[in-house]
Amino acid sequence: MLDSYNREISYLRISVTDRCNLRCLYCMPPEGIRKKDHSDCLSYEQIASIASVAAELGIEKIRLTGGEPLVRSGIEELVKMLRGISGIATIAMTTNGQLLDSHAVSLKEAGLDSLNISLDTLDKERYACLTRGGEISRVLTGIDAALACGFPVKINMVVSGGTTAGEISDMEDFCRSKGMKLQKIKEYSLKKDKQENDDFVYQRPPPCSRCNRIRLLSDGRLKPCLHSDREIKIDMDDIRGSLREAIENKPRCGSVCNTRDMAEIGG
């Protein structure tokens, strides 16, 4: 389906939870966020119903995000549901990798196609600092488990003002040695105007002119644009109408989002 600016919207990012087992400096407040009740989040059945209608409207790719998607119990069941939807060609997931070692095999069996794993540095101490206590060894073990299962793996590296050229070079060598792709993400804030990036330096965020996605948040609201306050509450009695409204209300360019924290929208 085309939006108002003739962009083909074929990609749906689904935040299954805003809970996370890390507290990354650029994403999560030190105190964390208010935990939603289970009843406040969409069920897997509801998510699958929304995805099915989205596929009818031209959505071909789904990415499961969080928070951290692997902290939500039974996430493999959702992958199985999505795998059974006609028209969905790709099911991907973005994870911090902390729990991936114990989920890689079951995710592959459920039908997940690919993984993006967040890893901003290979330095143990700096990783612990950036994540407020995370253990890099668990991510590295998760990466090896994913590769052993045959997953295509992309490393998401957020590049901040404190990132050194040596860290980027080390990450490039690391990814090359394991046959993984590296995606450099320029650190950004939802509270500041979106800045377009030089494609030769950063791969994300993408230019607004090429944006092909909308987002479904865990509380059942659709965000046409990450950098916008616009939201549409999904009407489970008129899913198609809600999705069409979100696509038709996608702005030409992102600006700022003052109503959500980064942890709630899955990047």
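Bear in mind that the values here come from a model prediction, so they are computed numbers and not experimental data. In what follows, every heavy atom counts, from backbone to side chain, and hydrogens, waters and symmetry copies are set aside.
Between Asp123 atom CG and Asp170 atom CG the span is 9.5 Å, to the nearest 0.5 Å. Taking CG from Leu2 and CG from Asn212, the interatomic distance works out to 12.0 Å, rounded to the nearest 0.5 Å. Rounding to the nearest 0.5 angstrom, the gap separating the OG1 atom in Thr90 from the CG atom in Leu82 is 12.0 Å. In this structure, OG on Ser52 lies 12.5 Å from CE on Met81, to the nearest 0.5 angstrom. Of the inter-residue distances, the one linking Leu243 atom CG with Ile59 atom CD1 reads 7.5 Å to the nearest 0.5 angstrom. Here the CG-SG distance, from Asp120 to Cys129, works out to 11.5 Å after rounding to the nearest 0.5 Å.
Contact check for Leu226 versus Arg215: side-chain heavy atoms found under the 4.5 Å cut-off. Taking the side chain as every heavy atom from C-beta outward, Ile14 and Ile47 approach each other to under 4.5 Å. Between Cys257 and His227, every side-chain heavy-atom pair lies at or beyond the 4.5 Å cut-off. Inter-residue side-chain proximity for Arg221 and Thr259 is flagged as unmet; no heavy-atom pair is nearer than 4.5 Å. Counting heavy atoms from C-beta outward, Lys154 and Cys175 have side chains that stay 4.5 Å or more apart. Residues Asp101 and Leu99 form no side-chain contact, since every pair of their non-hydrogen atoms from C-beta on lies 4.5 Å or further apart. Contact of the Tyr127 side chain with the Val139 side chain is registered, since non-hydrogen atoms from C-beta on lie closer than 4.5 Å.
Looking at residues two or more places apart in sequence or on another chain, you find no side-chain hydrogen bond (donor to acceptor under 3.5 Å, both in side chains) involving Asn249. Taking Glu135 as the reference, nothing meets the salt bridge (charged side-chain N to carboxylate O under 4.0 Å, His left out) condition, with sequence neighbours excluded.
The only option from Asn21, Thr95, Thr17 that meets the side-chain hydrogen bond (donor to acceptor under 3.5 Å, both in side chains) definition with Glu68 turns out to be Thr95.
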_Stepwise side-chain hydrogen bond (donor to acceptor under 3.5 Å, both in side chains) test for Ser106 and Glu76_ = CA-CA 7 Å; Ser106 55; Glu76 291 87 352; 2.7 Å; yes

_Pair Arg63-Thr94, side-chain hydrogen bond (donor to acceptor under 3.5 Å, both in side chains): steps then yes or no_ = CA-CA 7 Å; Arg63 178 172 299 279; Thr94 297; 3.1 Å; yes

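Connection of Met93 to Val105 is not established within any shared hydrophobic cluster, with ILVMFWY side chains joined at heavy-atom distances below 4.5 Å, either directly or through further cluster members. Side-chain heavy atoms closer than 4.5 Å link hydrophobic residues (I, L, V, M, F, W, Y) into clusters, and following such links, even through other members, never connects Ile9 to Tyr5. Using a 4.5 Å cut-off between side-chain heavy atoms of Ile, Leu, Val, Met, Phe, Trp and Tyr, with links allowed through other members, Tyr11 and Ile50 fall into different hydrophobic clusters. Both Met236 and Ile247 are part of a single hydrophobic cluster, where members link through side-chain heavy atoms under 4.5 Å apart.
Contact detail for Ile91 and Gly111: the closest heavy-atom pair is CD1-O, 4.4 Å. Between Leu78 and Val16, the shortest heavy-atom contact is CD2-CG1, 3.7 Å.
For the residue pair Glu167/Thr121, the side-chain donor-acceptor check at 3.5 Å is satisfied. One side chain, Gln183 or Asn156, offers a donor N or O that lies under 3.5 Å from an acceptor on the other. Inspection of the Thr131 and Arg23 side chains reveals no N or O donor paired with an N or O acceptor under 3.5 Å. Looking only at atom types and distance, the side chain of Ser4 has no donor-acceptor partner in the side chain of Glu248 under 3.5 Å away.
Surrounding NZ of Lys124 are at most 12 heavy atoms belonging to other residues, nucleotides or ligands under 6.0 Å away.
Cluster partners of Leu130, using a side-chain heavy-atom cutoff of under 4.5 Å among ILVMFWY residues and allowing indirect links, are Leu25.
Relative to the six-membered ring of Phe151, Lys108 meets both conditions, a distance below 6.0 Å and an angle of at most 45° to the axis.
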